[in-house]
Amino acid sequence: MDDKIINRAIKEKKSADEIAQRYINEFYKDMDALLVLRPTVEPRATQHIPQIIESIKGLLDKGFAYESNGDIYFSVEKFKDYGKLSRRKLDDMIAGARVCAINGKRHPLDFALWKKSKSDEPYWHSPWGDGRPGWHIECSVMSQFYLGETFDIHGGGQDLIFPHHENEIAQAEALTGKPFVHYWIHNGFVKINKEKMSKSLGNFFTIREILNDYHPEVLRLFLLSNHYRSPIDFSYDMLNKAENNLEKFYSFLLETERIKNVKPINSSFKLANPFSEQVKESKEEWEKAMDDDFNSAKAIGHLFSLLRACNHFIHEEGYKYEDGQKLLGEAADLIKKFGEVFGIFSEKPEHFIKKLKTKKEKSRSIDPAIIEDLIKKRAVYREKKEWEKADEIRNKLLEMGIQIMDTPKGTTWKVL
RNA sequence: GGCGGCAUAGCCAAGUGGCUAAGGCAGCGGUCUGCAAAACCGUUAUUCACCGGUUCAAAUCCGGUUGCCGCCUCCA
């Protein structure tokens, strides 16, 4: 239980539970908006007090923890592997100027497993008096409770490596004598101008702010373009590029929907073979990249290659043949399947493109009626082959930020 | 001060001992088009911050230098 929650609860004269629930709800709103799936289990520390107490008892019994004025501390010196995750040595850290001893601790880096409650604070009964759990114990206790003494993957931000994850390992392994987790996955930070984005620096954008202007899939594609371990510099410029790229895929998906309804020539297409090889290769390469430490940046590279192969196939008109059409459909399905893993391409292509257009119209205060009107006028000039006047209108539209596209089925337009 | 990470084209970004250093954006040339746009084709790093070393072979390993970032807090 976090001090911030307690302080807020006192300030607002509400229960800590209410405060926590409120923030959980806000968190859900953002995560749902980002198309993040809900976890299977979402344990709460306050609902696992007995297990936490049990663990602390075990650590005391084994001599890894000690009591001091009603608080229970973990003794880092007793755990010989302490520092193995963050590759730090206790002596080195003491040498660092910022560590100082706190009264009651035997070693400055010893951390609380159980804190004696002060008045006003929520508390639970324990063999050591009324108090609340320390700040690392709930993570290792709850994860082991649901996943076993040893489990495969533990994630978190890079800033949690020390001390939080280091302490989790110490608590868990001291108690069980078994490895805590097999793989640690630590993601890099989102940065602004090469600086960590953080509340205290004030250099942050909220999810809501961003989603106000961008489709959640745009943000996802942007984030997935980097390897999760690398830091990523956030900028609207990059977001715009991701938006264009996403539109590129949706345009292709829209095109394949149109092609699906084209009546094929009843014969086979000679280019189907190389294309089918490309599709197969993309599938294998994409999976290989994802199997290699979730290399989404590489996988997205293969996604682009597949897109190009598909567009090439369309360009060659392979889809006009029965087997070619089938193959293109399969390739499009594959792209959608990859997208599903990334949480992108979940919209109907038509909707996505329309939404994007509407959004841009709004932000540029563009009236579609005026655009349509100009396009009609231009069509008249084009009919009469008065190209100069037609081009004049096109340039005017371009100045307004409208790009028009002449197709066999008429003129369409998009907001730049 | 201690520890860790990063440095690859104009920009973003994969690649961690040996195929032509992925992919995207931007640029340039072409196909298509009345001209464009989109799409497609071609092109854009003899070289991976710098200096030395190991090796038949280095962006990749080792040592050093410079620059940037992060962690070192009873914040989880």
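All values reported here derive from a predicted model rather than from experimental measurement. Letters A, B, ... mirror the listed sequences (proteins, then strands); counts begin at 1. Note that these values count all heavy atoms, side chains included, but never hydrogens, waters or copies made by symmetry.
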Colleague: Which is more 5' along RNA chain B, the nucleotide nearest A:Asn245 or the one nearest A:Asp110? Just name the residue.
Modeller: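 Going by which nucleotide is closer to the 5' end, it is A:Asn245.
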Colleague: Provide the distance between the two P atoms, one in B:U8 and one in B:G1, to the nearest whole Å.
Modeller: 26 Å
Colleague: Would you kindly check whether a donor in the side chain of A:Arg308 faces an acceptor in the base of B:G42, or vice versa, at under 3.5 angstrom?
Modeller: no
Colleague: Watson-Crick or G-U wobble partner for B:C75, using a 3.5 Å limit on both distances?
Modeller: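 With both distances under 3.5 Å required, B:C75 matches none.
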Colleague: With a 3.5 Å limit on both atom pairs, tell me what B:U43 is paired to, counting Watson-Crick and G-U wobble, or say none.
Modeller: B:G27
Colleague: When you match A:His164 and A:Gln403 each to their closest nucleotide on RNA chain B, which lands nearer the 5' end?
Modeller: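 Nearest-nucleotide comparison on RNA chain B picks A:Gln403.
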Colleague: In Watson-Crick or G-U wobble terms, both distances under 3.5 Å, what is the partner of B:G17?
Modeller: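 No nucleotide pairs with B:G17.
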Colleague: How long is the line joining CZ of A:Phe249 and C1' of B:A38, in whole Å?
Modeller: 15 Å
Colleague: Kindly confirm whether the side-chain ring of A:Trp387 is stacked on the base of B:G34, judged by centres under 5.5 Å and planes under 30°.
Modeller: yes
Colleague: Using a 4.0 Å heavy-atom cut-off across all strands, classify A:Ser230 as base, sugar-phosphate, or nothing.
Modeller: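 If one applies the 4.0 Å heavy-atom cut-off, A:Ser230 turns out to touch the sugar-phosphate alone, with no base involved.
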Colleague: Which part of the nucleic acid does A:Lys298 contact within heavy-atom distance under 4.0 Å: base, sugar-phosphate only, or nothing?
Modeller: base
Colleague: What about A:Asp406, does its side chain sit under 3.5 Å from the base of B:C35 through a donor-acceptor pair?
Modeller: yes
Colleague: With both distances kept under 3.5 Å, what pairs with B:A36, Watson-Crick or G-U wobble?
Modeller: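 Base-paired to nothing in any strand shown.
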Colleague: Under 4.0 Å, heavy atoms only, any strand: does A:Arg88 hit a base, just the sugar-phosphate, or nothing?
Modeller: base
Colleague: Check whether any side-chain nitrogen or oxygen of A:Arg382 sits under 4.0 Å from OP1 or OP2 of B:C35, and answer yes or no.
Modeller: no
Colleague: Which value, in whole Å, describes the distance between the C1' atoms of nucleotides B:G24 and B:G17?
Modeller: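 Result for the C1' pair: 28 Å, nearest Å.
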Colleague: Partner of B:C50 by Watson-Crick or G-U wobble geometry, both contacts under 3.5 Å, or none?
Modeller: B:G64
Colleague: Considering every strand and a 4.0 Å limit on heavy-atom distances, what is the contact class for A:Ser86: base, sugar-phosphate, or nothing?
Modeller: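 Contact class for A:Ser86: sugar-phosphate only.
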Colleague: Between B:A21 and B:A58, how far apart are the two C1' atoms, rounded to whole Å?
Modeller: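 That atom pair is separated by 13 Å.
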Colleague: Which of parallel (below 30°), tilted (30 to 60°) and perpendicular (above 60°) describes A:His136 and A:His164?
Modeller: tilted
Colleague: Check if the side chain of A:Lys115 and the base of B:C74 share a donor-acceptor pair of N or O atoms closer than 3.5 Å.
Modeller: yes
Colleague: Taking the P atom in each of B:A9 and B:U46, what is the distance between them to the nearest angstrom?
Modeller: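 B:A9 and B:U46 have their P atoms separated by 10 Å.
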Colleague: How would you label the contact of A:Phe189 with the nucleic acid (heavy atoms, under 4.0 Å): base, sugar-phosphate, or nothing?
Modeller: sugar-phosphate
Colleague: Would you say the side chain of A:Asp391 and the base of B:G34 hold a donor-acceptor pair, judged only by whether the two atoms sit under 3.5 Å apart?
Modeller: yes
